[in-house]
Amino acid sequence: MVLLVQKFGGTSVGSVERIRAVAQRVARCREDGDDLVVVVSAMGHTTDEIIELANEINATPPQREMDMLLASGEQVSIALLAMALHSQGVAAVSMTGPQVGIATESTHGRARILEIRTDRIITRLQEGKVVVVAGFQGTSQSSDGISEITTLGRGGSDTSAVALAAALNADVCEIYTDVPGVLSTDPRKVSDAQLMEKISCDEMLELASLGASVLHPRAVEIARNYGVNLVVRSSWSDDPGTQLTSQTARPVGHGGLELGSPVDGVEQVESQAILALSHIPDKPGIAARLFETLAEAGINVDLIIQATHRGGSNDITFTVDESDLDLASQVSQSVIANLGGELATEGGFTKLSISGAGIMGRPGIAASLFTCLYQQGINLRLIATSEVKVSCVIAASAGRKALQAVRDAFEVEDSQVVVNPPLSGEDEPEVRGVALDRDQVQLSVHHVPDRPGTAAALCSSLADNRISLEAIVQSERQHADGSRDISFILSKNDRVRADVALAPLLAKWPGASLEDSDAIARVSAVGAGMPAKAGTAGRMFRALADANINIGLIATSEIRTSCVVAEDDGIKALQVVHACFGLGGDKCRRAYGQ
Ligand code: ASP
Ligand code: MG
């Protein structure tokens, strides 16, 4: 027998007819003999409407009363769906979050799930009932022993469903929604965005802004961490939708379902070499030519970092396996011969990475990594960040010490540590999806001292003020006094707070100064096959160059290549990058019935 968790969002239960249609779908699965736990959101725009009501009564309503109010929306839909099932002859029972025993933190309005009791649901399933559970809500014990109603944060029903699937060890968790699944990019900006049949949770998290429009990111994190079989599909059709896969599967149990350590892997890759091209012209086409030529020579580049500098020149730094160093130097030399600029190369490095769901979204984790290395007196040569991974390139001689310190600091188990893993993603596409992030800004800190602890100090100051960073780029170029520049990409909304947070540090470093960019956009190509293939970056840069778009900053991580461009170029950049990887198609339009 198969246990299914199905979740229907607000639009899918937005009217009496739609609730009936959901009941019919559930009834069909029941006829197939499946056990079903059905999670529903509040009908249509109910949640928005009751929030508006509250605001009319009180501009700053108490959080506890807000949760009391918000939870009512889901209570309406569970009862109605259970009634609809009854009228179709299907035995069903509705349950609120507190009735099930979905224990959460006590933070009203954004509580994370700690634990889910499974016995009450299982008993009802054994009685042959479909269990209809209210999404988005849970309960926490107040100090005087009364159980309080909590909510998980807007869009939290997805999280409820996936957490229930994890706790119940369900065979599949299906999220029914009003789109056909996860698309290769935003269909409002790229008309031939295509439906994906499959995507890994890691890729989905890397495509954060794209993924978030389909699924609550916390739901993806839970699916990734506990290996939940997750499917996103349309409520209006029988099309299979998109399947989300995960390789990591820790057991549910210790430490709070949503609270486990965010770092669950440490990786070391030895024998790395750094090539740094500096003072090359800042104009479209240079990065394209460099990385195309490297790819033609069969060189697989790992990290790429490009930072712009005052005065209109660029530096591009990248890493390759040490065995490719000589060839990569020859190729780079030939490229800069006609352009001007200098090349510096150096072997003897190690890349050390931590991985886990939503690392960059949790301010403080990257900072802890940098602080841990700083405490060992280790200098960071390059930094690469992404949603699921933060990497540092350090001297090989410090590798062993660093690995030990990092695994202790993040308390990872032996089984979660890998040294020199084989390249992953042979059979995966090099790019599966492309996302555009706007409303971002680049902050550059010029003339920071080049010594251990600098990145740690900067990132800690930002983390202490709860400012999340999208990327951290430490440039290779040294100023005459030996100092360097570090840039951050962050949300426009955090810019002023970041300036304030960094001011005391800058005051301590002679000559250090802060520069804000104009509004920028970031285009990110993501694919699990990227590490195994040479030439992905070159193709992306070529597409941008051919569209005459200048790349301000390049930052890569294992399965993501991101380019920062002027905000006005954002949509064009998204379109050309999506097209250059052949991601367009008509499947999605067919799924929409157009
Ligand atoms: N009803 C809640 C909201 O609108 C939860 C959900 O729909 O996922 O945010
Ligand atoms: Mg939703």
Side-chain angles (χ1 to χ4, degrees), residues 5-15 18-19 21-22 37-55 61 63-82 94-100 102 104-105 107-113 116 131-140 148-167 173-179 181-182 204 208-209 211-223 228 230-236 241 244 257-258:
V5 174
Q6 299 187 326
K7 181 253 167 181
F8 295 89
T11 358
S12 312
V13 293
S15 65
R18 287 187 176 173
I19 292 177
V22 168
V37 174
V38 182
V39 178
V40 283
S41 298
M43 290 175 70
H45 297 290
T46 305
T47 309
D48 292 328
E49 287 157 14
I50 51 186
I51 289 176
E52 227 162 85
L53 270 182
N55 289 333
Q63 281 298 316
R64 177 188 181 275
E65 303 310 329
M66 267 322 265
D67 275 358
M68 197 63 118
L69 178 72
L70 289 181
S72 69
E74 272 68 14
Q75 199 169 329
V76 171
S77 27
I78 52 171
L80 292 177
L81 179 59
S94 64
M95 294 179 88
T96 63
Q99 284 178 321
V100 167
I102 300 180
T104 72
E105 298 174 308
T107 357
H108 286 290
R110 52 182 170 86
R112 286 173 298 182
I113 298 174
I116 299 184
V131 183
V132 184
V133 179
F136 177 54
Q137 53 177 259
T139 178
S140 79
E148 293 288 339
I149 295 178
T150 52
T151 63
L152 311 182
R154 294 306 305 273
S157 297
D158 293 341
T159 299
S160 308
V162 180
L164 274 161
C173 178
E174 297 177 328
I175 307 281
Y176 286 90
T177 172
D178 49 3
V179 294
V182 186
M204 182 88 164
S209 55
S213 62
V214 188
L215 267 182
H216 204 227
R218 276 163 57 191
V220 185
E221 291 181 10
I222 298 171
V228 175
L230 186 59
V231 175
V232 184
R233 51 192 296 199
S234 161
S235 306
W236 326 125
L244 276 87
L257 203 137
E258 279 197 84

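Only a predicted model underlies this, so the values are computations on that prediction, with no experimental measurement involved. One is the number of the first residue; the rest follow in order along the sequence. Note that ligands are numbered from 1 as they come in the structure, with each ligand's atoms numbered from 1 the same way.
- Between Gly156 and ligand 1 there is a heavy-atom distance shorter than 4.0 Å.
- By the ring-ring contact (aromatic ring centres under 6.0 Å, His included) test, Phe136 is found to be paired with no residue, residues two or more places apart in sequence or in another chain being considered.
- Of the possible polar contacts, none joining the Thr107 side chain to the Arg110 backbone as a donor-acceptor pair under 3.5 Å is found.
- Residue-to-ligand polar distances keep Phe136 apart from ligand 1: every N/O pair is separated by 3.5 Å or more.
- The closest donor-acceptor contact from the side chain of Thr150 to the backbone of Gly138 lies under 3.5 Å.
- Using a non-hydrogen distance threshold of 4.0 Å, Gly155 registers as a contact of ligand 1.
- Between the Arg218 side chain and the Glu258 main chain, no donor and acceptor come within less than 3.5 Å of each other.
- Annotation: Lys7 places no N or O atom under 3.5 Å from an N or O atom of ligand 1; distance criterion only.
- Numbered from 1 in the order shown, with element, the atoms of ligand 1 that lie under 4.0 Å from a heavy atom of Arg154 read 3 (C), 4 (O), 9 (O).
- At distances below 3.5 Å, not a single donor-acceptor pair connects side-chain atoms of His45 with backbone N or O atoms of Gly14.
- Residue contacts with ligand 1, taken as heavy atom pairs separated by less than 4.0 Å, involve Glu74 solely via side-chain atoms from C-beta onward.
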